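Right, one structure below, let's go through it.
All heavy atoms count here, side chains included; hydrogens, waters and symmetry mates do not. Note that the structure is predicted; figures quoted are calculated from it, not measured.
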Amino acid sequence: MQLMRGENLKVVIVGGVAAGASTAARLRRLDEGAQIIMFERGEDISFANCGLPYYIGGVIEKRKRLLVQTPKAMRDRFNIDVRTMSEVQKIMPEEKEVEVKNLLTGEIYRESYDYLVLCPGAGPIMPDIKGVDLPNVFTVRNIPDSDIIKQYVEEKKPAKAVVVGGGFIGLEMAEMLHGLGIEAAIVEAAPQVMGALDPEMAAIVHRYLRRQGVKLCLSSKLVGMEGSSQVERVILENGETLDTDIVIMGIGVRPEVWLAKEAGLAVGSTGGILVDDCMRTSDPFIYAAGDAVEVKDFVTGEKTLVPLAGPANRQGWVVANNIASRDVKYNGVQGTAIVKIMDMVVAVTGKNEKSLSKLGRDYLTCHIHPNSHATYYPGSTQMTLKLLFSPGEGQILGAQIVGYDGVDKRIDVLATAVRAKMTVYDLQELELAYAPPFSSAKDPVNMAGYVAANILQKAVQVVPWEEVPERVAGGAFLIDVRAPKEVEKGGVEGACNISVDELRARMDEIPKDKEILVFCQVGLRAYIAARILAQNGYDVKNIDGGYKLYRELREN
């Protein structure tokens, strides 16, 4: 059901950060006559919450740089009635009114609407344990939060910190605290940081963090905090204790849906507000967007919660278009994200193995370790790229990259490929920018396509490292085709070293009645070896990811 457009249209928006501000600005561009009121219970609107850790750490020096828009700027440029420190406490759908409390004066009043847009966001998850309310326990969700943490760090000069949660915010906060000279420990209940990564990719991050001096307490659930006036140590489920001067809670967030629930709006199976592909709730005059809504996963079609700024802004844009009678659909979220951890960069898009396995979806994977640009040009660094794709047609289902330089460029190309429903064969054909300072003639994205296509076309058979011990125990013959000097620096127990360049001359040393497993440093030479052996009648398989991945898994 749509209303007549014009100067009498009145739209009330609850929440003024990513989704809310995006809705308001887009709606004004489409309808100059509409009355738009934005309620925000905090002091600020449209602030860069993704930048909060960097403000705390001093990377972003000026607080005002976090303010993308201010209430005055929104009023002046977009003629939007912005009311900060105003909390919407109740929705009356039948009357098409909301009840609002002015948090400064205590005044409670009603405001009518033609359309209501809910963008309440998500709140931090806080465990119900002793000590969580002590003054040196903090969350990082808004600018006042970051102000308090920054002031505490500057005045109290803590020596040790515990960050609870190894997600994006937790890792960024650990980086910032470490950069300030504070000894940081990350406590994570799961066996790895960054749940969007698969375990072998997370292992690379673990190794790096430990080398930087960050303590990792994985598979470690926080069960208590001790201290009188403030937390002095945290207690883990396994009995370990960590001394600390400050605790940052980054366990995760939960969609704020109480307002929607009390108004009788439908809530989805994930706990987010249920919306259709126009971002309309179960009430035709109420829309919702941002971290509080349940959306469709673009790759699998399943319902999901993805609290990311990019999707929230897009959803707000979609809401505004539909209120203004432009039929625009939100086609789903694929979870593209990136995080900087000191010098390391980690990025993901689409689905990972864990989620695909849980859904019972068939998939294939490959790992490559390309350089960020031509190795003969100074400054090249290596990255590890994992590609997930479907059997048969080879549609790209997801990608993960851990590296240093050029990670952002590659994940964006792969995110675009996922959105376009491209195949690994399409990756082979992409014509990407090349010059020695920026890439190689075969970009890492192209290389991933070639490797995946080889698997699909059965030019090579691959096995993961996890299967190697069992296969060797069953009689498989393991060959390291690296040069002897490389093997001297580290090898795999039980492997026979025959370099790829000597393979043809030493083929009589390789049994034809056994399964042959080959590996090199990153996979390329092993692929060449596998092609040689396969064409000489051997049952040969390439171990995915090479010795580099083996080392990461072993040292994790």
Side-chain angles (χ1 to χ4, degrees), residues 49 52-59 123-142 144-195 197 202 205-254 339-342 344 346 556:
N49 50 8
L52 298 178
Y54 302 107
Y55 170 61
I56 294 168
V59 176
I125 297 172
M126 296 293 284
D128 184 18
I129 59 174
K130 181 182 177 182
V132 75
D133 56 348
L134 288 172
N136 61 334
V137 180
F138 304 98
T139 59
V140 190
R141 287 298 294 166
N142 52 41
D145 285 348
S146 61
D147 287 334
I148 294 169
I149 298 172
K150 189 175 179 66
Q151 182 180 3
Y152 183 89
V153 169
E154 290 174 351
E155 292 181 356
K156 303 295 184 181
K157 295 182 171 42
K160 294 183 177 182
V162 169
V163 178
V164 184
F168 289 96
I169 289 293
L171 290 171
E172 288 169 348
M173 281 304 304
E175 175 194 6
M176 291 298 102
L177 294 169
H178 181 270
L180 292 170
I182 301 169
E183 185 181 323
I186 297 174
V187 174
E188 171 56 56
Q192 66 171 78
V193 299
M194 287 198 68
L197 290 176
V205 182
H206 297 165
R207 185 165 177 255
Y208 177 77
L209 283 167
R210 288 173 175 138
R211 284 187 168 185
Q212 302 303 311
V214 176
K215 181 179 176 64
L216 293 183
C217 300
L218 305 176
S219 299
S220 300
K221 186 177 179 182
L222 177 71
V223 295
M225 303 184 190
E226 292 181 344
S228 52
S229 60
Q230 65 175 29
V231 176
E232 297 172 3
R233 66 192 62 83
V234 300
I235 305 167
L236 308 184
E237 194 173 38
N238 62 7
E240 183 180 1
T241 62
L242 299 173
D243 293 337
T244 189
D245 303 307
I246 181 173
V247 179
I248 305 293
M249 302 300 298
I251 294 175
V253 295
R254 183 179 291 115
V339 62
K340 173 185 171 294
I341 310 169
M342 300 169 200
M344 178 174 273
V346 182
N556 185 45

>> Quick one, Leu242 with Thr244, criterion side chain to side chain contact (heavy atoms under 4.5 Å, CB included). Give me CA distance, side-chain angles, the key distance, then yes/no.
In response: CA-CA 6 Å; Leu242 299 173; Thr244 189; 5.8 Å; no

> Is the shortest heavy-atom distance from the side chain of Met249 to the side chain of Leu222 under 4.5 Å?
Replying inline: yes

Throw together a table of side-chain donor-acceptor distances under 3.5 angstrom for residues 129-140, partners on residues two or more places apart or in other chains.
from	atom 1	to	atom 2	distance (Å)
Asn136	OD1	Val231	N	2.8
Asn136	ND2	Val231	O	2.9
Asn136	ND2	Asp245	O	3.0

> Nearest 0.5 Å, what's the CD1-CD1 distance between Ile169 and Ile251?
Replying inline: 14.0 Å

> With a 4.5 Å limit on heavy-atom distance, are the side chains of Glu240 and Cys217 in contact?
Replying inline: yes

> Would Arg141 and Val253 count as a side chain to side chain contact (heavy atoms under 4.5 Å, CB included) if you check the C-alpha gap in whole Å, the side-chain angles of each, and the deciding distance to 0.1 Å?
Replying inline: CA-CA 9 Å; Arg141 287 298 294 166; Val253 295; 3.5 Å; yes

>> Using every non-hydrogen atom in the two residues, find where Met176 and Gly57 come nearest and quote the distance to one decimal.
In response: SD-CA, 3.7 Å

> Do the side chain of His178 and the main chain of Met342 share a donor and acceptor less than 3.5 angstrom apart?
Replying inline: no

>> How long is the straight-line distance from CD1 of Ile149 back to CD1 of Ile56, given to the nearest 0.5 Å?
In response: 4.0 Å

>> Main chain of Met194, side chain of Gln192: is a donor-acceptor contact present, judged purely on distance under 3.5 Å?
In response: yes

> For Lys150, does the NZ atom sit with more than 12 other heavy atoms under 6.0 Å from it, leaving out its own atoms?
Replying inline: yes

>> Within the structure provided, determine whether Ile341 and Val205 are in side-chain contact (heavy-atom separation under 4.5 Å).
In response: yes

> Do any N or O atoms from the side chain of Ser146 and from the backbone of Pro144 form a donor-acceptor pair under 3.5 angstrom?
Replying inline: no

>> Other residues, nucleotides and ligands only: do more than 12 of their heavy atoms fall within 6.0 Å of CZ on Arg233?
In response: yes

>> Suppose the criterion is side-chain hydrogen bond (donor to acceptor under 3.5 Å, both in side chains): which pairs have a residue in residues 161-172, not counting sequence neighbours?
In response: Tyr54-Glu172

> Closest approach of Glu188 and Gly166, non-hydrogen atoms and distance?
Replying inline: OE1-N, 2.7 Å

> Does the side chain to side chain contact (heavy atoms under 4.5 Å, CB included) test come out yes or no for Val153 and Ile182, once each step is laid out?
Replying inline: CA-CA 9 Å; Val153 169; Ile182 301 169; 4.1 Å; yes

>> Nearest 0.5 angstrom please: Asp243 CG to Glu232 CD, how far?
In response: 8.5 Å

> Sequence neighbours excluded, which residues qualify as side chain to side chain donor-acceptor pair (under 3.5 Å) partners of Gln230?
Replying inline: Tyr152

> So how far is it from Glu175 CD to Met344 CE, rounded to the nearest 0.5 Å?
Replying inline: 11.5 Å

>> Is there a side-chain contact between Tyr208 and Val214 in this structure, where contact means two heavy atoms from C-beta onward sitting under 4.5 Å apart?
In response: no

> Between Val247 and Met225, which heavy-atom pair has the shortest distance, and what is it?
Replying inline: CG1-CE, 4.1 Å

> Between Ala174 and Ile186, which heavy-atom pair has the shortest distance, and what is it?
Replying inline: CB-CD1, 3.7 Å

> Which heavy atom in Leu177 sits nearest to a heavy atom in Ala161, and how many Å separate them?
Replying inline: CD1-CB, 3.7 Å

> Out of curiosity, Ile246 CD1 to Lys157 NZ, how far, rounded to the nearest 0.5 Å?
Replying inline: 13.0 Å

